[in-house]
Each structure stands twice: as C-alpha cells, then as structure tokens.
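Heads up, the thing below is written out as structure tokens.
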Amino acid sequence: RATFASRKVSMLILPHRSLSTIPTALRICTPIYYVNASTTGIYNASTQLPWLWLLEPHLGHLYTTILTDCIARWHQLTGHSVELFSTGTDEHGTKIQEAAIGAQTSIEQFCLDNATAFRSLVDQSHVGNTQFIRTTSQKHHATVAAFWETLEQRGFIYKGSYKGWYCVSDEAYLPPQQVEDGHDKHGNACKVSVESKQPVVLVEEPNYMFDLQRVKPQLLEWAAQNQSILPNFRRDEVLAMIPELPNLSVSRPRNKLQWGIAVPNDDTQTIYVWLDALSNYLTVQDYPTQTPQATTHVVGKDILKFHAIYWPAFLLAVGLQPPQQVIAHGHWTVDKVKMSKSLGNVIDPFSLLHQWGADAVRYYLMKESRLETDGDYNEERFLSVHRELADTLGNLLSRVCSPKINLEGGVPSVSSASAIVTDQQTIYQQAAEQVASCYERHQFGLGIEAILTALRASNTLMNEHQPWRLVKGTEQDRQVAKVVLAAIFEGLRVASVCLQPIIPQVSAELQRRVGIPDTDVHLTRWTKIEYDISLLSGRTVALSPPPLISKQPRC
C-alpha cells in the first residue's frame with residue numbers, strides 16, 4: 001500500500017501564488033471516524049437511549065478519506081513533503097457502549113471490528129496515510145490526560161453544571177438556538193437538532209466547563225483570516241456562530257458515560273467525547289513530549305463547528321497553534337436522496353471498490369463533487385463517467401499504440417516547429433495551469449474537467465488527420481502521421497501527471513505505456529509538466545496493449 005515517504009524533488013513555484021504561501025511540509029488529517037450507527041427502535045428503559053448497531057464505513061467516509069489523499073498527493077507532486085497524514089477511529093462514547101450491547105459483543109471487540117473495517121477501507125482505496133490512530137490506545141489516553149491538565153492549569157476548565165439540550169446521536173451539547181421542533185423516527189413530535197435533525201433530550205448534570213469566552217477574541221481573529229476555513233461561506237457561518245456560543249461542557253458524569261477517559265483526579269467524571277476525539281490530532285504528533293505543529297483538517301460540513309470553533313479554541317487556550325486550515329465538504333446523497341438504511345439506499349463502498357477498483361471509485365468521487373455542494377451517487381452516472389474516462393483517455397492510448405498506425409513501435413522523433421505540435425502544446429499548457437489552480441483550491445472535479453478538455457482535443461486531432469490513412473500515403477503524409485502520434489503521446493504524458501493525485505494506479509500504468517520506466521521518475525513530476533515533444537522522442541512502446549481502463553466491472 002502507498003505511504004508518503006517524502007521523496008525530495010526540486011521546488012516548483014506555481015504561477016498563481018507566491019512561494020511564501022506554500023507550506024513546504026504538509027500535516028493533514030481526516031476526522032477519526034465514529035460508529036455512526038442508526039437506531040433500531042429497541043429502547044433501553046433505564047436510560048431511554050436506543051440500542052445502536054454496527055454500521056460499516058459508508059460512501060461519505062470514503063469520500064473524505066480520498067479527498068484528503070488527493071490533497072496530500074498533489075502536495076507531494078508539486079515537490080513538497082507530507083510529514084503527517086492521519087486517519088483512524090473514534091472509539092469512546094455512549095453510542096459505542098450501546099452499540100456493543102446491541103451487537104452482543106464486548107466493547108473492546110466491537111471497537112476492534114470497527115477499526116479493522118476502516119483500516120481495510122483505507123487500504124483498498126489506495127490511500128497513503130502515515131498514521132492510523134485508535135482512541136482506545138494507551139498513547140492517546142496519556143495525551144488526553146496531559147491536554148486536560150494543561151487546560152486546567154491555565155485556568156480554562158472549572159467545575160460547574162450544565163442544564164440544557166443534549167443530542168445523544170451527535171454526542172453534542174446544544175444551545176437553545178440550535179434546537180427546533182421536529183419528529184423522531186416514529187413520527188412523534190419532539191425537539192431535534194437544527195443541524196442533524198436528530199432528537200435531543202433536556203439534561204441537568206454536574207460537570208466541568210471550558211471557558212470559551214476567554215479565547216473568543218483570538219478565535220475570531222483566526223477564523224477571519226483568509227483561507228483559514230474553506231469554502232469561504234463556511235468561514236462566514238463560523239464567524240456568525242462564535243459570538244453566540246456559551247461556555248462548553250467538557251465532561252459528563254461517569255454514571256452516564258462509562259466508556260471514555262476519566263477526568264484526571266476525578267473519577268466521577270468522564271471527559272467529553274469531542275475533547276477526547278479532537279485530541280487525536282495531538283496524539284499523532286507525540287504530544288506532550290513533542291510540540292505539535294499546525295495541521296490541515298478535511299471534514300464533513302456536519303462537524304465543522306467542532307473543528308473550526310472548539311478545536312482551535314482548545315489549542316489557543318494551551319498556547320498551541322490553531323489549525324493551518326479547515327476544509328469542509330458536503331455530504332453524499334443517492335439519486336438526490338439522503339442515504340438511509342430504512343430506505344435501503346446506503347452504498348457499500350467495499351462493494352464498489354471490489355467491482356470497479358480503487359481508481360474508478362476515486363475518479364467518480366472526485367469528478368462528481370464540489371466543496372460547496374453535496375455530491376450525488378447515481379449508478380447510471382457512475383457508469384457514464386467511467387466509460388467517458390475509458391473512451392477519452394484509455395482508447396486514445398490504444399489508438400496511438402495500434403500497429404496499423406504506429407509502424408515503428410514507439411514515439412516518433414519529430415520537429416517541434418509543426419503547427420500540430422504548437423496547437424497541442426498550447427492546449428495542454430493551458431490545461432495544466434487550470435489543473436494547478438483548481439487542485440490548489442481543492443477543486444479536483446474542475447481540474448479533471450480541464451484535463452479532459454485537452455484529451456478531447458487530442459481525440460479530435462486523431463479523427464481529423466486520420467493517421468491510419470496517412471501511413472498508407474506519401475512520405476509527407478507519413479511524416480504528418482508521425483507528428484500526430486508524437487503530439488498525442490506527449491499530451492498523454494502531461495495528462496498522466498495531472499491525474500496522478502486522482503487515479504495513481506492508472507496514471508502509473510499510462511506512464512509505463514508511453515515509454516517512461518520507473519528510473520525516469522522525473523518525467524512524472526510537476527517540475528516536468530511543461531509540454532515538450534522531445535521528452536518521449538524515440539522511446540519504445542508496447543503495441544496492441546490491453547485496455548488501460550476496462551469498461552466492465554471486475555465481477
């Protein structure tokens with residue numbers, strides 16, 4: 001499996017931003033994934049909490065992880081190191097405790113099963129994370145205890161009580177303005193969370209509180225910075241929320257939450273699961289023995305508040321750097337309908353990966369998504385997007401590798417003075433610039449569209465000049481055929497570089513097929529993105545190769 005091992009290459013200054021804004025070493029994290037199980041309708045009479053069952057990773061988990069991986073791969077492609085790429089599982093909380101009972105297994109085994117499923121998802125989707133963290137590890141427990149003690153020593157934690165709304169499903173305390181009238185799964189009227197629409201309960205309990213008010217000025221200053229929270233309208237949402245938020249409850253009575261980390265020196269209280277979970281970003285950086293650096297977070301819009309308000313507030317309170325950036329993306333629907341087990345429309349990511357392979361799934365999720373909106377999975381659309389890539393990219397490679405056209409079995413050596421070459425050079429250089437601009441803004445779908453436009457131009461070039469006819473004509477005709485082949489081969493090389501963060505396996509295979517051995521890795525780096533007809537000149541290619549991208553599922 002892939003990991004980011006910091007291969008050093010020469011630095012490239014992208015045209016649309018100065019070198020000073022480029023972090024040379026990326027530290028990026030997905031959320032740690034929680035067992036976001038759905039209720040079954042069977043209730044525990046003593047706690048009035050639903051039994052919760054194991055829910056395997058879903059399409060949303062896969063999307064977040066792949067988006068993070070694409071950001072990391074792009075960062076590395078442009079000559080920088082990826083020093084940290086963490087993901088993992090959040091294994092504490094009432095929901096975990098209840099779910100283990102519902103699954104009729106021990107909590108430890110339940111957590112292990114969940115962690116194993118998420119590890120498998122990461123591996124099968126060819127994600128290059130450097131760390132996988134579980135919050136039940138002893139290392140994490142030590143980190144959380146040290147973090148709590150520092151917050152307490154600096155006067156940000158005090159003993160108090162909480163009276164208000166609590167959402168069991170979200171494991172979240174909610175102020176009155178984040179609660180509204182709604183209905184439970186049986187249609188009964190109740191209070192629900194404005195964000196998640198999950199039922200809430202009114203609780204009153206002694207606990208520890210975090211003094212959010214003390215850090216609000218610093219928090220607002222950080223959140224107002226350009227690029228701190230993306231997309232920009234999410235930053236505006238955060239800025240609007242901060243002034244209204246009260247101090248935060250950061251513990252629960254032990255008798256209400258047994259499965260969690262006890263408050264240091266007070267075993268009657270358990271540390272709030274979100275403070276526990278967010279601290280994983282310190283654990284993966286060996287806190288408190290090492291001083292953690294600012295990290296980039298890729299999260300779903302539903303947990304933006306925790307990552308763009310509470311987490312930077314905790315960090316500022318102990319004198320650590322707030323996040324480098326928080327990138328919030330939309331959710332995924334199926335045929336424009338929210339995924340739900342009750343509707344039977346939950347997409348199993350393992351099934352998709354097994355049927356089509358990692359690159360096909362990665363490509364669809366990146367091409368069909370935009371940060372600003374929800375993505376939508378549609379089976380017919382998936383097949384259409386996949387066929388388009390097979391036709392536009394895969395078939396183009398097959399055509400230039402056909403023995404009926406490529407009579408010499410390689411990339412022809414031709415002059416760059418040809419109008420054909422000049423036109424293709426302009427097309428691919430413009431595409432590469434657009435790709436860089438889009439990828440830097442984490443808009444991979446728009447970047448894909450830019451390179452597809454260039455590939456379509458190469459297919460048009462092939463259709464207009466018909467080299468299969470030219471090779472049967474005069475010497476001048478045969479020379480034009482060579483120019484067409486050489487121009488397209490170089491376009492395919494540029495395309496392979498542009499698509500590396502999205503479809504790494506297909507890109508690597510494409511590079512091999514256009515004559516780039518593993519020893520010539522410099523030709524696959526962004527420092528060589530410029531269209532140059534001489535780079536592949538004279539290289540041998542395999543004729544009549546198998547399809548680069550199969551249109552048929554594996555099984």
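One is the number of the first residue; the rest follow in order along the sequence.
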- prompt: Is atom CD of Glu379 surrounded by more than 12 heavy atoms (other residues, nucleotides or ligands) closer than 6.0 Å?
  reply: no

Side-chain heavy-atom pair [X], [Y] within 4.5 angstrom cut-off:
X: Leu219; Y: Ile309; result: yes
X: Leu393; Y: Leu510; result: yes
X: Gln325; Y: Leu230; result: yes
X: Gln324; Y: Thr295; result: no
X: Met339; Y: Leu59; result: yes
X: Asp181; Y: Lys191; result: yes
X: Ile229; Y: Asp236; result: no
X: Leu174; Y: Tyr166; result: no

- request: Report the C-alpha distance between Thr136 and Glu108 in whole Å, list the side-chain angles of each, state the deciding distance to 0.1 Å, and finish with yes or no for side chain to side chain contact (heavy atoms under 4.5 Å, CB included).
  value: CA-CA 9 Å; Thr136 50; Glu108 292 81 4; over 6 Å; no

- line: Note: Gln124 and Ala358 closest approach over all heavy atoms is O-CB, 3.3 Å

Going by atom types alone, do [X] and [Y] pair a side-chain donor with an acceptor below 3.5 Å?
X: Glu91; Y: Thr89; result: yes
X: His140; Y: Thr283; result: yes
X: Tyr33; Y: Thr65; result: yes
X: Ser507; Y: Gln500; result: no
X: Asn247; Y: Gln213; result: yes
X: Glu388; Y: Ser384; result: no
X: Ser196; Y: Asp170; result: yes
X: Asn129; Y: Thr87; result: no
X: Asp374; Y: His331; result: no
X: Gln198; Y: Lys185; result: no
X: Gln258; Y: Gln97; result: yes
X: Gln178; Y: Trp165; result: no

field: Candidate list Thr143, Asn280, Leu84, test side-chain contact (heavy atoms from CB on, under 4.5 Å), partner Gln285, passing option
entry: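 So the option named by the test is Leu84.
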
message: Using the rule side-chain contact (heavy atoms from CB on, under 4.5 Å), only one of Phe306, Tyr208, Phe147 pairs with Leu275; which is it?
response: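 Looking at Phe306, Tyr208, Phe147, the match for Leu275 under the side-chain contact (heavy atoms from CB on, under 4.5 Å) is Phe147.
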
Under 6.0 Å between ring centres, would you say that holds for [X] and [Y]?
X: His307; Y: Tyr281; answer: yes
X: His386; Y: Tyr363; answer: no
X: Tyr173; Y: Tyr272; answer: yes
X: Tyr377; Y: Trp332; answer: no
X: Trp356; Y: Phe382; answer: yes

task: Tell me, with the steps shown, if Ser86 and Gln131 meet side-chain hydrogen bond (donor to acceptor under 3.5 Å, both in side chains).
output: CA-CA 5 Å; Ser86 69; Gln131 292 201 44; over 6 Å; no

message: Strictly below 4.0 Å, N to O, side chains only: are Asp391 and Arg387 in salt-bridge contact?
response: no

message: Is there a salt bridge (charged side-chain N to carboxylate O under 4.0 Å, His left out) between Glu449 and Lys367? Walk through the geometry before answering.
response: CA-CA 8 Å; Glu449 289 294 345; Lys367 184 177 184 297; 2.9 Å; yes

- line: So OG of Ser279 and CD1 of Ile271: to nearest 0.5 Å the spacing works out to 7.5 Å

- prompt: Between atom CD of Glu195 and atom CG of Leu304, what is the distance when rounded to the nearest 0.5 Å?
  reply: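 Answer for the CD-CG pair, Glu195 versus Leu304, is 8.5 Å.
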
field: Plane angle bin for Trp311 and Phe314 - parallel if under 30°, tilted between 30 and 60°, otherwise perpendicular
entry: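 Because their plane-to-plane angle is over 60°, the rings of Phe314 and Trp311 count as perpendicular.
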
task: Measure up the His75 and His80 rings against each other and bin them: parallel (under 30°), tilted (30 to 60°), perpendicular (over 60°).
output: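 His75 vs His80 ring planes: tilted.
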
field: Row check, Tyr162 ring normal vs Arg252 NZ/CZ: under 6.0 Å, within 45°
entry: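 Arg252 over Tyr162 ring: no.
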
